[in-house]
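Note that these values count all heavy atoms, side chains included, but never hydrogens, waters or copies made by symmetry.
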Amino acid sequence: MTDYRAHCDFDVRFANGGELSGTGFRLDLPSAEVSEAEIGRLLVEHLTNLGALPPTGARFNAAPPAIEGFGTFPVRAFAELR
């Protein structure tokens, strides 16, 4: 388990349009001294193909596996079209 974890709500606005929000999100951090910008980068660094989603009508989900005592783990990220 990591020594440093952020527990936060967030709103990320992308420079080319769109946004991503989360509530009660937990994110393992590499150290105690992490800037807000670095936390934002950690949140979205591995997301791909977001441009393939329609501008409206999609709900983004990031479901981490429930492994007790385990540190950072890639989430299963997917979008549901409404």
Side-chain angles (χ1 to χ4, degrees):
M1 185 166 179
T2 184
D3 291 333
Y4 309 103
R5 177 169 286 162
H7 181 217
C8 58
D9 299 339
F10 67 89
D11 293 302
V12 177
R13 287 174 184 76
F14 297 98
N16 62 348
E19 59 187 50
L20 183 64
S21 298
T23 305
F25 197 80
R26 291 183 176 91
L27 179 67
D28 291 345
L29 305 175
S31 72
E33 301 297 323
V34 179
S35 69
E36 286 185 18
E38 178 70 5
I39 290 172
R41 185 189 67 75
L42 290 168
L43 283 167
V44 299
E45 71 179 348
H46 295 295
L47 299 177
T48 60
N49 296 325
L50 291 176
L53 296 174
T56 60
R59 179 184 172 128
F60 177 81
N61 297 281
I67 303 173
E68 188 169 328
F70 200 78
T72 301
F73 196 90
V75 298
R76 177 177 294 274
F78 60 95
E80 294 176 291
L81 300 178
R82 296 180 189 174

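Here Ser31 pairs with Glu33, Val34 under the side-chain contact (heavy atoms from CB on, under 4.5 Å) rule; sequence neighbours left out. Scanning for side-chain contact (heavy atoms from CB on, under 4.5 Å) contacts around Arg82 gives Arg59, with sequence neighbours left out.
The two residues Arg5 and Leu29 come nearest to each other via the heavy atoms C-CD1, 4.2 Å.
Side chains of Leu42 and Pro30 form a contact here, defined as non-hydrogen atoms less than 4.5 Å apart. In this structure, Leu81 and Pro54 have side chains that are in contact, with non-hydrogen atoms separated by less than 4.5 Å.
Atoms CZ and OG1, from Phe10 and Thr23 in turn, are 8.0 Å apart once rounded to the nearest 0.5 Å.
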